Amino acid sequence: MGIGVFHRKDKKKKDKNIEDILLQQKPDRRMLSYVPDKQQVRNNVDRRGGKTLESFEGKTDDYIKSIQSGIRYQVQYSVKVSAKVAELGRQRFTCQGIDISTTGILLRVKDQRQQLILQKASKLRLKFEITPGSMPEGYEMLVKQSAHLVRAIKTQDDQYLCGMEFDQTLAQYATRRKDGYMLTIASTMIFFISAFIMLMRAESVIYFKFNKWLYLYSIIAAAFLLSRYLFGALYRAVPIDKDYTPGVTVIIPCFNEEEWIHRTILSCVNQDYPIDKLEVIVVDDHSNDHSVEKIKETIEKLKQEDEHYEIAKRVSYIVQPQNKGKRDALCEGVKVAQHELVVFVDSDSFLDPFAIRNLVQPFVDPKMGGVAGRTDVANTYTNSLTKMQSVRYYIAFRVMKAAEAYFDGVTCLSGPLSCYRKQIIIDHMDDWLNQKFLGQKATFGDDRAMTNFVLRHHRTSYQDTAICSTIVPNRHKVFLKQQMRWKRSWLRESIMAGKFMWRKEPFMAVFFYIGLIVPVAAPVVVVYNLIYVPITQRIFPTTFLVGLLLMSLIMSVVQLLLRRSSTWIYGMLFCIYYEAVLLWQMPVAWVTFWKSTWGTRMTPEDLKEQEKKKNKGERKRAKKGGPLDEQAHAKA
């Protein structure tokens, strides 16, 4: 099954190691295969059939799709071959597929005889299964299609390899075999689910007089969620203008990320973007693992790649003398940034080679202050938890952020990939660094906080074509801590944003305040419907549960419609998980949103909290032990 397996070492021995499963691309012979060489000594399409932007007559999107179709993934497929050979008749055998792209597959056959059969065949048909996680989401399927041989070689270690080209690309095959009926089924289901939800809300209007606040909430919540899907469908990304390439500085804050920082740096440098307009700065926030060594090692390797890429001039790193937090690390990078736009990238996020070119396009609007890219989950197929997060991420970005972008008012330019005008950050740097809430220093929620500064006087947007992938928690304990931190920062920054959002575009303002009220009130509504009403009225909450089921189903069906992924069912599972577990973090966030500890990493605030708990525990033991402790000390 063509996937990369990476081991994440847990800090506590009692926790089981969980293997992160990632797509395994076949390495290019060059580290910077997408970077254009301004001296034209080398180009970024050497191994891609001479494809250049000019050959597509300036149609950038077609050019990018053509490049992406040539990306090869290392796999281990069992491939059944049916070949028609004039002298031998129909021949059948099984071999191994070892790498694949949307246009072809590389086979390892048993011997020279099988290789000759493929060479002489007048008609070839291949049958194999694309397993989940071996290619990008949406390609998992059983393939039965014709192909033809384009090259055959014998390696030095006596392996017989055959390069096969499909008669139609896998994208075309998927469209013909499964996308058509998926589109029909998903669209039909969305229509009927939406219609049924509206009928249920019509019932709420009828019974409004019996409990006006409950039914008002029900109507508002349904209208709000359905409107998100509507405006998300209307959203369109800003197309690429190949001549618009403003200067960009990518800043990567790093703290104890030795496992992924190499890959992050490489993805940020290996961009299809003019090298004199792109620099990368890595800021290590005094890591106590081997992150700094990895950063230095990666940059040195990049310098050795080729002098034409000017790595020494445009890739650098800073090491903080002490741990100050993510905001300080980002600001250190901004202070030395050379270009007008700055891109923030998390140290466990990996950029698509065309991410920067896509991300900057909305800035052609002079009023645009910040833009978020799309974040996909890199380790989707690790376990059920990561699959649920994968669906949640996709809907959160492709639907929720897209709906906000329709009104130029994205309320969170997410940390994995976001771009700002540098001057805006400089103008608000002191307020951002020294932000306090209820007397406590704000140490997380940096992305929401900066978004609020931008939103006050500028537009913010979302660019769906600017893609990065990130590593998400694969253990429930870490995931729940992350979610609690996010809820606290969401609540804090939403309160702050509420002070000025009323001055924005009317639809945008109304949706913002509804989006604040609905999740905050949700725990109360759930308790009322699932506990209070059944106990006091002896009525089973059928209508309420059906409503929850339909809202979760629409999330899954939209995932199926837009992404054609086998993970779609996990959208429903995530909604159940949310109602059963995550929803109840909200009341905790109500009374603890002033806290500044991360919970998932040992920041200075976490160390202080740990020391405080330790001292408190020692005082309790001293009170309980008293004379016994003194006797123990005396004996010692």
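Here the structure is a predicted model, which is why all the values come from computation and not from measurement.
Here Gln435 pairs with Arg327, Ala442, Ala449, Arg492, Glu493 under the side-chain contact (heavy atoms from CB on, under 4.5 Å) rule; sequence neighbours left out. Shown here are the side-chain contact (heavy atoms from CB on, under 4.5 Å) partners of Phe231, two or more places apart in sequence or in another chain: Ser227, Arg228, Leu234, Ala403, Tyr406, Phe407, Phe511. Here Ser418 pairs with Phe344, Leu413, Tyr420 under the side-chain contact (heavy atoms from CB on, under 4.5 Å) rule; sequence neighbours left out. By the side chain to side chain donor-acceptor pair (under 3.5 Å) test, Asp376 is found to be paired with Arg374, Arg563, residues two or more places apart in sequence or in another chain being considered. A search for ring-ring contact (aromatic ring centres under 6.0 Å, His included) contacts involving Phe354 returns Tyr34, not counting sequence neighbours. For Asp285, the salt bridge (Lys or Arg N to Asp or Glu O under 4.0 Å) test picks out no residue, with sequence neighbours left out. Scanning for side chain to side chain donor-acceptor pair (under 3.5 Å) contacts around Ser287 gives Asp284, with sequence neighbours left out. Remark: Phe574 engages no residue in a ring-ring contact (aromatic ring centres under 6.0 Å, His included) (not counting sequence neighbours). Annotation: ring-ring contact (aromatic ring centres under 6.0 Å, His included) contacts of Tyr528 (sequence neighbours excluded): Tyr532. For the salt bridge (Lys or Arg N to Asp or Glu O under 4.0 Å) test, residues two or more places apart in sequence or in another chain that qualify with Asp365 are Arg459. Not counting sequence neighbours, the partners of Thr249 by the side-chain contact (heavy atoms from CB on, under 4.5 Å) test are Ile251, Glu279, Ile281, Ala337, His339, Val342.
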### Task
Step by step, work out the side chain to side chain contact (heavy atoms under 4.5 Å, CB included) result for Cys254 and Val283.
CA-CA 6 Å; Cys254 176; Val283 185; over 6 Å; no
### Intermediate values then yes/no, side-chain hydrogen bond (donor to acceptor under 3.5 Å, both in side chains), Gln559 and Ser390
CA-CA 10 Å; Gln559 167 82 357; Ser390 179; 5.1 Å; no
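Ring centroids of His476 and Tyr577 are separated by less than 6.0 Å, placing the two rings close together.
With 3.5 Å as the limit, one finds no donor-acceptor pair spanning the side chains of Lys387 and Thr567. Using modelled atom types, one finds a donor on one side chain and an acceptor on the other under 3.5 Å when comparing Asn288 with Asn256. Between the side chains of Lys401 and Ser414, at least one donor-acceptor pair of N or O atoms lies under 3.5 Å.
Partner Met508 forms a side chain to side chain contact (heavy atoms under 4.5 Å, CB included) with one of Val410, Thr411, Leu455 and no other, that one being Leu455.
Between the side chain of Thr386 and the backbone N or O of Thr380, at least one donor-acceptor pair lies under 3.5 Å.
Between Val360 and Val248, some side-chain heavy-atom pair lies under the 4.5 Å cut-off.
To the nearest 0.5 Å, atoms CG (Leu341) and CG (Leu278) are separated by 11.0 Å. Atom OG in Ser469 sits 9.0 Å away from atom CG in Asn379 (nearest 0.5 Å).
Annotation: salt bridge (charged side-chain N to carboxylate O under 4.0 Å, His left out) contacts involving residues 414-432, sequence neighbours excluded, are absent.
Taking the charged nitrogens against the carboxylate oxygens, Lys335 and Glu332 do have a contact shorter than 4.0 Å, which makes a salt bridge.
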